Asker: 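Structure provided below as structure tokens; questions to follow.
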Amino acid sequence: MDKDLLSIQQVRDLVKKSKEAQKIYSEFSQEKIDKIVYEVSMEIRKHNEKLAKMAAEETGFGKWEDKVIKNKFASEGVYEYIKDMKTVGILKEENKVMEVGVPVGVIAGLIPSTNPTSTTIYKTLISLKSGNGIVVSPHPNAKNCIIETAKLLQEAATKAGAPEGLIGVVEIPTMEGTSALMKHKDIALILATGGEAMVKAAYSSGNPAIGVGPGNGPAFIERSADIKLAVKRILDSKTFDNGVICASEQSIIVEEVKKDEVVRELKNQGAYFLTREESGKLGKFILRSNGTMNPQIVGKSPQVIADLAGITIPEGTRVLISEENTVSKTNPYSREKLAPILGFYVEKDWESACERSMEILYNEGKGHTLVLHTTNQEVIKAFALKKPVSRLLVNTPGALGGIGGSTNLAPALTLGCGAVGGSSTSDNITPMNLINIRRVACGVKEIEDIRPVTKKSSMELNGVEIEALIKKVLGEILRG
């Protein structure tokens, strides 16, 4: 049979089963849901290393050791954050208003190839916690590790008491099947993590969606920063899993007075500055002819990327850097690069750096993330008031700071970009984004209390009112 037809039919079957199971699950108490989420978290964390190795081997992206950390983040860090949340039943009663958490139904969980196993764990846990079912749609280039992750989650949830079929996974992923999933009438909400085209398709599906656009976060090292520590954080972030987290830094901006010191420190910590000829060679390889990022560089080491581009770099190079002075769609170093490659910009002062960072963000990545290294509180406030981002990270690695690993942001692997970035929310997505809130409001006023009081003319007064008015006037005359 036709693969597309098989995929579409499987989607229909999975959504039907999940809807039936979710109807039962929606009646579960908070206590019962919390027990299931706990058991699933405890079970899946036993497989963090195995799933990380599967993801690295299948996709060829990143480092399996770092993928273990991401799986641990999803199975443990996310769980610790959400475990005490009230998501179903009565959430709170205040000021004569009762709020009731209501699951939305069946979630369509679109999973990317860059963070396949960790995103599957994360989306499943937050869906279960919010009383919802989920149908997982794998990226074809990571289908085996995603399917294996989903099956482990299925088994753990069913064993803990969840209705069978609550968690589904598409085992024959095709574009047509994914499209059918997003447009299915029984899908309540789409959680779209992936390429820009997929996110646009999710928002065009006719169903509610939470999607995230590309990241392209610049990192500004302001003159008051601890330069050595700032460079360490940036390189730690950009080399984590070879740069596949969308919140990782994509360029560095420095002030003229600190350029030499920053360049020296970058080189000391393993960065290699490309010559103009080398920048040109690599630049042609970063972008494809259609203007999109070349998947051959994604999650690869600097050595592999250099070999592919036909350039020679020192052994042990951690990151490749190209000094730039322009920003455009055709300049690959001013675009998102899910690899250990950075653009490098020099500006005369922090105000100019502020404008440059905005230029980079409006070129690509608006609404996502910006990283600032400084001890100047006035600069932080100025950036916070002006930058078109949902996350302004201060003195922390971008990759882990954006997802809530090294900051107190909500731990999440789906990062909203706000209206400026074409997203329906600017939140780090949690179970609270996957519920509706029913409000029970008691009356506190009568219509007479609301209607404005108007003075009546003498023609509108009845006998009793006229008598009362005469008494009032006589009384005032006698007192006067």
Side-chain angles (χ1 to χ4, degrees), residues 52-53 55-57 59-70 113-115 141 214-219 221 227-254 259 262-288 292-324 331-345 360 364-365 371 397-400:
K53 289 179 177 177
E57 184 178 349
T59 64
F61 298 162
K63 311 168 187 173
W64 73 263
E65 296 89 347
D66 289 344
K67 292 186 187 297
V68 173
I69 296 171
K70 289 196 293 188
S113 56
T114 47
N115 308 296
N141 293 342
N216 189 30
I221 304 177
I227 302 299
K228 186 174 183 178
L229 185 54
V231 168
K232 174 190 179 298
R233 287 166 173 159
I234 292 170
L235 296 191
D236 283 350
S237 173
K238 195 58 177 170
T239 57
F240 182 78
D241 208 18
N242 283 340
V244 297
I245 292 181
C246 56
S248 63
E249 296 83 350
Q250 304 298 322
S251 54
I252 297 172
I253 305 172
V254 301
K259 176 186 176 181
V262 172
V263 170
R264 185 166 56 250
E265 191 57 46
L266 282 164
K267 289 179 178 179
N268 287 342
Q269 295 194 35
Y272 176 71
F273 278 77
L274 300 161
T275 65
R276 292 320 304 165
E277 182 184 357
E278 291 168 337
S279 290
K281 277 188 174 181
L282 178 57
K284 290 176 182 177
F285 195 77
I286 293 172
L287 291 182
R288 296 185 289 186
T292 61
M293 182 170 45
N294 187 343
Q296 287 185 274
I297 69 165
V298 175
K300 299 299 191 297
S301 68
Q303 287 73 26
V304 169
I305 293 170
D307 289 343
L308 289 170
I311 61 179
T312 302
I313 62 173
E315 187 177 345
T317 295
R318 299 176 67 199
V319 169
L320 303 172
I321 297 180
S322 175
E323 187 168 349
E324 300 294 319
N331 181 348
Y333 297 103
S334 63
R335 300 277 302 276
E336 182 185 46
K337 307 163 290 296
L338 298 180
I341 303 170
L342 289 164
F344 187 83
Y345 294 86
I360 290 169
E364 186 174 38
V371 186
L400 295 176

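Since the structure is predicted, the reported quantities are computational estimates derived from the model, not experimental observations. Sequence positions, counted from 1, serve as the residue numbers for this chain.
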Asker: Enumerate the residue pairs fulfilling salt bridge (Lys or Arg N to Asp or Glu O under 4.0 Å) with a member in residues 333-344, sequence neighbours excluded, ordered by first and then second residue.
Answerer: R335-E364

Asker: Are any side-chain N or O atoms of D241 and backbone N or O atoms of D66, one a donor and one an acceptor, separated by less than 3.5 Å?
Answerer: no

Asker: Is any side-chain heavy atom of L338 closer than 4.5 Å to a side-chain heavy atom of F61?
Answerer: no

Asker: Could you tell me whether the side chain of F344 reaches within less than 4.5 Å of the side chain of V262, counting heavy atoms only?
Answerer: yes

Asker: Report the residues that fulfil salt bridge (Lys or Arg N to Asp or Glu O under 4.0 Å) with K281, sequence neighbours left out, ordered by chain and then residue number.
Answerer: none

Asker: Run the side-chain hydrogen bond (donor to acceptor under 3.5 Å, both in side chains) test against N331 and tell me which residues pass, sequence neighbours left out.
Answerer: E324, T326

Asker: Quick one: list whatever passes side-chain contact (heavy atoms from CB on, under 4.5 Å) with A399, sequence neighbours left out.
Answerer: S237, I245, S248

Asker: Which residue pairs satisfy the salt bridge (Lys or Arg N to Asp or Glu O under 4.0 Å) criterion with at least one member in residues 292-308, sequence neighbours excluded?
Answerer: none

Asker: When rounded to the nearest 0.5 angstrom, what distance separates CG in L229 from CD1 in I234?
Answerer: 10.0 Å

Asker: Among all residues two or more places apart in sequence or in another chain, which pass the salt bridge (Lys or Arg N to Asp or Glu O under 4.0 Å) test with K238?
Answerer: none

Asker: Is there side-chain contact between I360 and S251, with at least one heavy-atom pair below 4.5 Å?
Answerer: yes

Asker: Nearest 0.5 Å, please: how far is CG in L308 from CD1 in I286?
Answerer: 11.5 Å

Asker: For residues 265-273, which side-chain donor-acceptor pairs fall under 3.5 Å, sequence neighbours excluded?
Answerer:
from: E265; atom 1: OE2; to: Q269; atom 2: NE2; distance (Å): 2.8
from: N268; atom 1: ND2; to: R264; atom 2: O; distance (Å): 3.3
from: Q269; atom 1: OE1; to: K232; atom 2: N; distance (Å): 3.4
from: Q269; atom 1: NE2; to: K228; atom 2: O; distance (Å): 3.1
from: Y272; atom 1: OH; to: E278; atom 2: OE1; distance (Å): 3.0
from: Y272; atom 1: OH; to: E278; atom 2: OE2; distance (Å): 3.1

Asker: Go through the structure and list residues passing side-chain contact (heavy atoms from CB on, under 4.5 Å) with S301, not counting sequence neighbours.
Answerer: N242, Q303, V304

Asker: Suppose we screen for side-chain hydrogen bond (donor to acceptor under 3.5 Å, both in side chains). Which residues come up paired with N216, at least two apart in sequence or across chains?
Answerer: none

Asker: Go through the structure and list residues passing side-chain hydrogen bond (donor to acceptor under 3.5 Å, both in side chains) with T317, not counting sequence neighbours.
Answerer: none

Asker: With the side chain counted from C-beta on, respond yes when I305 and P340 share a heavy-atom pair under 4.5 Å apart, and no when they do not.
Answerer: yes

Asker: Write out all pairs satisfying salt bridge (Lys or Arg N to Asp or Glu O under 4.0 Å) with one or both partners inside residues 309-322, taking only residues at least two apart or from two chains.
Answerer: D236-R318

Asker: For K284, check salt bridge (Lys or Arg N to Asp or Glu O under 4.0 Å) against everything at least two apart and list the hits.
Answerer: none

Asker: Could you state the interatomic distance from OG1 (T292) to CG (L287), rounded to the nearest 0.5 Å?
Answerer: 7.5 Å

Asker: Atom CD of residue position E65 - does it have more than 12 heavy atoms of other residues, nucleotides or ligands inside 6.0 Å?
Answerer: yes

Asker: Within this structure, what is the CZ-CG distance for the pair F285 and N294, rounded to the nearest 0.5 Å?
Answerer: 5.0 Å

Asker: Using atom types as modelled and distance alone, determine if a side-chain donor or acceptor of Y333 lies under 3.5 Å from a backbone N or O of E323.
Answerer: no

